[in-house]
Amino acid sequence: MRNIRDTQLLFDLSKPGSRGARLPASDVGEQPIEDLLPASALAATLPELPEVSEPQVVRHFTNLSTQNMSVDTHFYPLGSCTMKYNPKRNERAAAMPAFAALHPYQPEETLQGMLHVLHEMQEYLQEISGLPACSLQPAAGAHGEYAALLVAAAYFKDLGEIEQRRKVLVPDNAHGTNPASAVMAGFEVVTVKTLTNGSVDMVDFHAKLDDHIAVLMITNPNTVGIFEPAMAEIADAIHKRGGLVYLDGANMNAILGVTRPGDFGADMQHYNPHKTFSGPHGGGGPGAGPICVTEKLAPYLPAPVVKKVDNPSADTDKTADCPLPTAHYTLDFDRPKSVGRVRGFFGNVGVLLRAYCYIRTHGPEGLRAVSENAVLNANYLLSIVKNLLPIPQGDRCMHEFVASASPLKKENGVTAMDLAKRLLDFGFHAPTVYFPMTVAESIMVEPTESESKETLDAFAEVLSQIIAEDADLLHEAPHTTAISRPNEVQAARQPVLNCPCG
Amino acid sequence: MKPADLHFAKTHEWVSVAEEDGSQVATVGISAFAVEALTDLVFMELPTIGKQVSAGEPFCEVESVKAVSDVYAPVSGEVIAVNETLPDTLEKLSTAPYGDGWIAKIKMSEEGLGHLMDYDAYQKQCSEES
């Protein structure tokens with residue numbers, strides 16, 4: 001039963017005098033606050049705080065927490081976001097005091113275990129991307145994009161070409177963060193068109209190519225789930241002009257161990273460890289967006305990076321009580337061409353640890369199987385959904401596909417949003433809708449490798465059932481959630497940013 | 001203005017040209033089809049007066065609950081006036097896209113609207129896109 005009483009606003013539940021804990025009267029004499037603090041430090045009025053008892057607070061938040069959907073509670077086919085299941089063992093490993101209780105200001109010799117793990121993580125990411133240098137610092141995927149573009153800018157500055165190279169090419173179905181990162185890094189964005197099947201419009205691409213190109217940012221596989229058919233031609237053309245290719249690694253989940261960005265022409269890439277490996281998803285915790293680059297860009301990476309230093313005098317006598325290790329790990333700050341720090345300390349290592357555990361658990365063959373199953377699941381679902389809704393890109397996909405609700409909208413006014421909202425009533429998180437904008441009424445589905453055939457069948461069955469439902473029922477969905485449809489226009493135009501309390 | 005008298009760009013902007021002080025001045029807005037496709041609009045960033053714009057290049061932005069979208073200049077020239085009250089009365093884009101919902105006036109630097117479509121051709125494009 002839903003408890004709607006305790007999920008009211010805490011300020012509505014507030015009753016003067018309610019307390020979580022009551023302390024006994026102090027046996028130390030009280031002093032007026034004015035005697036203890038200067039007038040400039042004193043507020044004119046007390047802060048407005050709700051007054052509630054402990055069980056009220058616990059019920060309030062516990063009940064609210066159950067109104068959420070998560071990968072742990074529901075199938076979550078959110079295209080482009082790769083909401084894969086996070087194995088709990090990775091959480092446990094990252095929470096071990098040996099990692100979690102470290103302080104970044106500890107002397108380096110007491111951080112050897114952590115640095116060792118991070119160094120291996122750099123090497124794994126390099127191997128998976130086919131790019132030989134890595135920075136673990138960026139705190140999120142978009143931050144990684146920005147950091148990599150700073151690296152590109154530093155590289156062109158060093159070559160004396162930064163004045164000439166102002167342009168960053170971005171296909172029109174890219175993530176919005178790509179053009180935003182490019183502008184923040186000081187470049188101009190030029191949009192390249194894509195075709196109905198999702199691939200880059202090569203006529204438009206070649207028309208926009210000139211000697212002012214600094215970087216092409218490309219997502220491959222792209223946001224409609226297509227592996228770019230002309231990837232090699234695109235990368236060659238950019239390199240011939242002296243430009244760099246940036247690979248948005250958001251969709252690495254589709255190609256692990258199958259192909260590598262460094263092998264298909266990328267000079268730089270970021271990872272989204274939460275999408276590709278394991279880590280808290282959107283809003284569930286801090287993120288990480290490590291980047292890998294080619295040899296020639298390596299000197300410009302954010303400093304420090306973790307360096308392995310061999311100990312030539314290491315004890316080879318295994319019988320010694322305390323043999324010297326064969327190597328130690330150090331934070332390398334001596335990188336004169338580096339763009340500098342992009343994050344305090346060493347980035348969000350807790351996230352990297354989860355990803356490290358994921359990589360180690362699966363191993364090379366296992367990671368390849370992850371991608372093969374992600375692609376298989378997406379194609380299986382596509383093969384059913386294509387009978388319900390058109391899929392402009394065709395019959396095959398990588399890890400995700402984009403269907404269109406356009407025919408329904410024309411027929412009876414049912415939109416992608418209506419279908420998405422109605423799915424919530426059946427216990428499925430909604431797919432991504434209205435992205436990419438290149439497909440009208442788009443519904444972007446990404447099942448990930450975590451899901452069983454039974455779950456995929458159940459989802460397709462519900463979708464089929466919903467499509468046959470009455471339009472008015474769909475317009476008003478969801479019918480079973482605590483809040484149905486928020487007023488998005490009002491939320492954007494007149495947001496309530498502070499509570500009118502008391 | 002009647003939509004049938006306007007010219008349209010592929011990217012869904014409309015143009016109406018009149019002579020003002022001896023120059024060709026284009027009044028520019030976005031089509032009813034575009035407004036509907038954008039869904040609920042929440043913000044608009046007008047171009048600045050005096051800005052030089054080129055046909056086919058973005059010159060201002062509209063933001064809906066779905067996304068931020070560029071508005072492309074349908075003609076080249078200088079922005080000489082903008083609809084100042086529009087950002088606070090975005091409903092005009094829906095209620096009167098070809099009237100009170102105009103966005104800007106551009107003093108044209110190049111004559112001719114040959115690169116634009118008439119209403120019938122534009123309607124045909126819209127029915128293919130929807």
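Here is how names work: the chains are called A, B, and so on, in the same order as the sequence lines, proteins then strands, and each is numbered from 1.
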Legend entry - Candidate pair Val414(A) and Leu419(A), rule side chain to side chain contact (heavy atoms under 4.5 Å, CB included), full reasoning: CA-CA 7 Å; Val414(A) 169; Leu419(A) 295 180; 4.0 Å; yes
Legend entry - Residue from Val224(A), Ile226(A), Thr438(A), Asn222(A) passing side chain to side chain contact (heavy atoms under 4.5 Å, CB included) with Thr194(A):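 Filter result, single survivor: Thr438(A).
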Inset, instruction - State whether a side-chain donor-acceptor pair under 3.5 Å links Asp425(A) with His479(A). - result: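 On atom types as modelled, these side chains do not qualify, holding no pair under 3.5 Å.
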Legend entry - Criterion side chain to side chain contact (heavy atoms under 4.5 Å, CB included) on Lys92(B) and Thr85(B), from CA distance to verdict: CA-CA 10 Å; Lys92(B) 284 183 192 160; Thr85(B) 61; 3.3 Å; yes
Inset, instruction - Begin with the C-alpha distance, continue with both residues' side-chain angles, and end with the deciding distance and a verdict on side-chain hydrogen bond (donor to acceptor under 3.5 Å, both in side chains) for Tyr434(A) and Ser442(A). - result: CA-CA 5 Å; Tyr434(A) 300 107; Ser442(A) 59; over 6 Å; no
Got a salt bridge between [X] and [Y], using NZ or NE/NH1/NH2 to carboxylate O under 4.0 Å?
X: Lys193(A); Y: Asp172(A); answer: no
X: Lys124(B); Y: Asp120(B); answer: no
X: Lys167(A); Y: Asp210(A); answer: yes
X: Arg166(A); Y: Glu188(A); answer: no

Legend entry - Test log, rule side-chain hydrogen bond (donor to acceptor under 3.5 Å, both in side chains), inputs Asp248(A) and Asn178(A): CA-CA 8 Å; Asp248(A) 179 326; Asn178(A) 287 185; 3.0 Å; yes
Inset, instruction - Give a yes or no answer on whether the side chain of Glu446(A) reaches the backbone of Ser80(A) with a donor-acceptor pair at less than 3.5 Å. - result: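 Side chain of Glu446(A) to backbone of Ser80(A), a donor-acceptor pair under 3.5 Å: yes, one is there.
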Inset, instruction - State whether the side chain of Glu13(B) and the backbone N or O of Tyr72(B) hold a donor-acceptor pair below 3.5 Å, judged by distance alone. - result: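 Judged by distance alone, yes, a pair lies under 3.5 Å.
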Inset, instruction - Sort out for me which residue in Lys10(B), His7(B), His12(B) forms a side-chain hydrogen bond (donor to acceptor under 3.5 Å, both in side chains) with Tyr122(B). - result: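 Option passing the side-chain hydrogen bond (donor to acceptor under 3.5 Å, both in side chains) with Tyr122(B): His12(B).
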Inset, instruction - Let me know which of His175(A), His270(A), Glu145(A), His143(A) forms a side-chain hydrogen bond (donor to acceptor under 3.5 Å, both in side chains) with Ser181(A). - result: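 Testing Ser181(A) for a side-chain hydrogen bond (donor to acceptor under 3.5 Å, both in side chains) against His175(A), His270(A), Glu145(A), His143(A) leaves exactly one candidate, Glu145(A).
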Taking only heavy atoms into account, what residues of [range] are found under 4.5 Å from chain A?
range: residues 100-116 of chain B; answer: none
range: residues 17-27 of chain B; answer: none
range: residues 42-49 of chain B; answer: Val42(B), Phe43(B)

Legend entry - salt bridge (charged side-chain N to carboxylate O under 4.0 Å, His left out) between Arg422(A) and Glu469(A), worked out: CA-CA 10 Å; Arg422(A) 183 65 176 142; Glu469(A) 282 184 329; 2.7 Å; yes
Inset, instruction - Considering only heavy atoms and a distance below 4.5 Å, find which of Leu90(B), Val65(B), Asp70(B), Asp40(B) pairs most often with chain A. - result: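 So the answer, after comparing Leu90(B), Val65(B), Asp70(B), Asp40(B), is Val65(B).
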Inset, instruction - Give, as side chain, backbone, both or neither, the part of Leu41(B) having an atom under 4.5 angstrom from any heavy atom of chain A. - result: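 When you check distances to chain A, only backbone atoms of Leu41(B) fall under 4.5 Å.
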Legend entry - Heavy-atom neighbours of Glu36(B) CD exceed 12 at 6.0 Å: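 No, not enclosed.
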Inset, instruction - Assign the ring pair His429(A) / Tyr76(A) to parallel, tilted or perpendicular, where the plane angle (0 to 90°) is split at 30° and 60°. - result: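 Because their plane-to-plane angle is under 30°, the rings of His429(A) and Tyr76(A) count as parallel.
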Legend entry - Inter-chain contacts: residues 481-489 of chain A against chain B, heavy atoms under 4.5 Å: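 At a heavy-atom separation under 4.5 Å, chain B is reached by Glu488(A), Val489(A).
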